[in-house]
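This report refers to the structure that appears directly beneath it.
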Amino acid sequence: MNHTYSTSGRPPSGRPLRSRRPKVRASWEHAPSKPPRRGAGVHYGALDLAPRDHYAVRPIEARNDGKLRVIVMGGNEEVGRNMTLLEYGDDIILIDMGIQFAEEHMRGVDGIVPDLSYLKGREHQVRAVIITHMHMDHIGAIPYLMPLLPGVPLFSAPITLALIAKKLEYTPDVKVDMRPIDETTTLALGNFAVSFLGVSHSVPSALAVVVKTPCGIVVHTGDFKVDLQPNDEEGKRNLEGLKALGEKNVLALLSDSTNAVQAGNQLMERDLAHDLGDIVQNAKGRLLFGMISTNVVRLAQIIALAEKYGRHVAVGGLSLKTTLEIAQNLGYISPLPNTLLDISEIKGLPPRKVIAIFPGAQGENNAAFYKLADGELKDMKVVPGDTVVFSSSVIPGNERTVQFLTDKFYRLGANVLNYRTLNIHAGGHAKAADLAEVIKMVKPRYLIPIEGHHAFLHHHAKAAMGSGFPRERIFIADNGQVMEFELDGSGRLTKEKVSTQSIFVDAEALGTVDADTLRERKRLGDEGIVIVHVVLGKDRKVQARADFFGFRSRHLLPKIERDLQQLVHKEATRLASGQAKAIEQLQEKLQEMIEKDTRASPYVSLHVHTGSVTTESGPKGPAAGASRAIPIKVVGKQPPAVQPRGSQGPVAATREVSGLQEQPRGNRRRRSRRNRRGGGGVGRSPSQGETSPPSDDFGPLVI
């Protein structure tokens, strides 16, 4: 039976979706040439989700003069922004197109996407983008990067395409040619012949990608876990598929390393059934589940248990409602009548009859689960007697926020359960023992650990060597590091690297924020800003005004004001000359004076003007939290209002003001005290910890 999921107009619920990002501006910002036409490609319109057996883009044509290049474009130094590139001759395919969500110090940044500058000018050589599964660290960059690849088809499983189409409703100007596939599909993509293998994960229809190249077979696992003792047909089929690869002389195995640091074998969903069933059966009050919004398997499991034990289910949060809607449309979840209710409809039900499920178990502060803990949900409040269940393990780096959320629920009188107290979450990634078994089954000539921090890749290699795999045939590559394979099957990890700089997504734009901008934002937040206006009167009287914003040493303001006036009067003659050098030197002296007085390093923005000056007295003490200014009244030409300008910060440009120059922050050679002490690093590819998304609208990063 073919299922059709409409991605145009209103969603099936009849309610228009809120548009968080009405437009996406995607261009080759990091390359100085004309960007491709925005929104180019084929409109997805009414998406036919029936997979085809075969897609022929161009007949496979082996070339005898080339090398296979494999490049991990993202995901090998962090958890997120996963993308792998395979290249032979004039043919390129991309596997996954994920986002990495910004860390706390990346102010104003929504996420980080892979750098495609390596493909600039060769977009026409990209035969396809293949998506392994529906998590945001594998699909989140699609709205930003697909406009750079006009006309390139995107292949994935029907449920994954349905979620992508739903996400693209936020960006209606982005058009993507989406084509459904399944385990029976084969693709002819130039020099590549591609087939697919179903793998177990925490979402349905996760796929491993098997690429036949002129140099040999390359297998990309995507995210996966392995059931070594399956008791269902799907699990048995997946295991047999892995074993069958061992008979095909696999050249290279690119394998998920996310859980390589954990010893043993991963739990399977059936291992959780007993504990989850006990919770649903024995809880005396309401059950409030927090989960990752794309975990269709867990959502179906909770709904089935609710029906078994006579409870009704209410689902909150836009992202989780979207997942439920898609899963129902495609037949993954088929609840009984009256099982699903709106949150507003469960108020009058006995507590023992209620289950409510929310996204946001990683502590995302805009997610429904967090709002529940904060008492911000209109139709539901946590009361003593409720049981709150965190039905997901904590992503590394989120421990503090999850603990903070847990404490909130305890303060409200709830009983809190998590995966540490009971088996209520089975991870979606193979652990060390599973990875070693997969290597034995597939028997690759080369192992390439992917998807994880650098340490994770080494743990994966350690697990492989523990099972007898030779170290010299394990390639632990950085992002962008080129691996080459010859026609005779030999391979090497080269020293060549392509650009994989951090491409930041800031509001609606791609690539308009760089490391310097983030460094300025961080400094403004940590140290504050001092804006100084100096007015030179025609009678050679000089006066200055200083405004302090975000300045922590407020008790020192009177001293700074006195020192400022003395310094300005001392430099009056030099300033009157109008020489840019005099203004620049004053800028440097102001910076040094404030740093000496405060032992801080705020931004100092100097503005010099001409006009008549009269002074007037004013209040000595500002209100708490207000800016402090040296009183001044300027007659004649007024100092312009100073506001931040674009991504360069409030002091980045130089312009003419009344015949003299307004200077940017002088002494560019000076670094802030924080940076001189070895801090900083903003704008580099983050490699420590994982982060959660800014909103539950876009789902979790990874399970």
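Computed from a prediction, not measured in an experiment: that's the story for all the values here.
A distance-only check finds a donor-acceptor pair linking the side chain of N82 to the backbone of D137 [under 3.5 Å]. With hydrogens and angles disregarded, a donor-acceptor distance shorter than 3.5 Å links the side chain of R473 to the backbone of R445. With hydrogens and angles ignored, the 3.5 Å screen pairs no side-chain donor or acceptor of E325 with any backbone N or O of T322. Checked by atom type and distance alone, the side chain of K175 pairs as donor or acceptor with a backbone atom of P172 at under 3.5 Å. Put simply, the side chain of T213 gets close to the backbone of G216: a donor and an acceptor are under 3.5 Å apart. Panel note: side chain E78, backbone G452; no donor-acceptor pair is recorded below 3.5 Å. Counting only distance, with no hydrogens or angles, the side chain of N76 and the backbone of A477 share a donor-acceptor pair below 3.5 Å.
Of the N and O atoms on the side chains of H135 and H201, at least one donor lies less than 3.5 Å from an acceptor on the other residue. Under the 3.5 Å distance criterion, with hydrogens and angles disregarded, no donor-acceptor pair is assigned to the side chains of N259 and H429. At a cut-off of 3.5 Å, with distance as the only test, no side-chain donor of S202 or N295 sits close to an acceptor on the other residue. Side chains of D256 and T221: a donor-acceptor N/O pair is absent below 3.5 angstrom, by distance only. Side chain to side chain, D91 and N191 meet the donor-acceptor criterion of an N or O pair below 3.5 Å.
For H458, the ring-ring contact (aromatic ring centres under 6.0 Å, His included) partners at least two apart in sequence or on another chain are H454. Every residue meeting the side-chain hydrogen bond (donor to acceptor under 3.5 Å, both in side chains) condition with R492, not counting sequence neighbours, appears here in chain and number order: E484. With sequence neighbours excluded, no residue satisfies salt bridge (Lys or Arg N to Asp or Glu O under 4.0 Å) with E240. Remark: E183 pairs with R237 by the side-chain hydrogen bond (donor to acceptor under 3.5 Å, both in side chains) rule, at least two apart or across chains. In this structure S205 satisfies the side-chain hydrogen bond (donor to acceptor under 3.5 Å, both in side chains) test together with Y332, sequence neighbours excluded. By the salt bridge (Lys or Arg N to Asp or Glu O under 4.0 Å) test, R122 pairs with E87, sequence neighbours left out.
The nearest pair of heavy atoms linking H133 to D96 is N-OD1, 4.4 Å. Closest approach of T494 and Q481 over heavy atoms only: O-NE2, 2.8 Å. Shortest non-hydrogen contact noted between Q362 and I292 is NE2-CD1, 4.0 Å. When all heavy atoms of L447 and S255 are compared, the closest pair comes out as CD1-CB, 4.3 Å.
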(request) Take S499 and Y118 through the test side chain to side chain contact (heavy atoms under 4.5 Å, CB included) and record every step on the way to the result. (result) CA-CA 6 Å; S499 174; Y118 176 66; over 6 Å; no
(message) Walk me through whether V209 and F196 qualify under side chain to side chain contact (heavy atoms under 4.5 Å, CB included).
(response) CA-CA 5 Å; V209 184; F196 302 93; 4.2 Å; yes
(message) Run the salt bridge (charged side-chain N to carboxylate O under 4.0 Å, His left out) test on K225 and D434 for me, step by step, so that the C-alpha distance in whole Å, both residues' side-chain angles and the decisive distance to 0.1 Å come before the verdict.
(response) CA-CA 7 Å; K225 59 182 176 180; D434 300 319; over 6 Å; no
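For F456 and H453, the distance between ring centers is under 6.0 angstrom. Under the 6.0 Å cut-off for aromatic ring centres, F475 and Y446 qualify, their centroids lying closer than that.
Using a 4.0 Å cut-off between charged side-chain N and carboxylate O, K431 and E437 make no salt bridge.
Heavy-atom neighbours of D478 CG from other residues, nucleotides or ligands within 6.0 Å: above the threshold of 12.
The distance from the NZ atom of K443 to the CD atom of E247 is 5.0 Å, given to the nearest 0.5 Å. Atom-to-atom distance recorded for L68:CG and E486:CD is 10.0 Å, nearest 0.5 angstrom. Atom CG of residue L435 and atom OG of residue S257 lie 7.0 Å apart, to the nearest 0.5 angstrom. With values rounded to the nearest 0.5 angstrom, I181 atom CD1 is found 6.0 Å from L187 atom CG. The CG atom of L149 lies 11.0 Å from the CD1 atom of I142; values are rounded to the nearest 0.5 Å. Between atom CG of residue L318 and atom OG of residue S293 there is a gap of 9.5 Å, rounded to the nearest 0.5 Å.
V79 has its side chain out of reach of E451: every pair of non-hydrogen atoms, C-beta onward, lies at least 4.5 Å apart. Residues I474 and I476 are in side-chain contact: their nearest non-hydrogen atoms beyond the backbone lie under 4.5 Å apart. Here the side chains of L154 and I164 are in contact, with some heavy-atom distance below 4.5 Å. With contacts defined as side-chain heavy-atom distances shorter than 4.5 Å, the pair V126/L119 qualifies.
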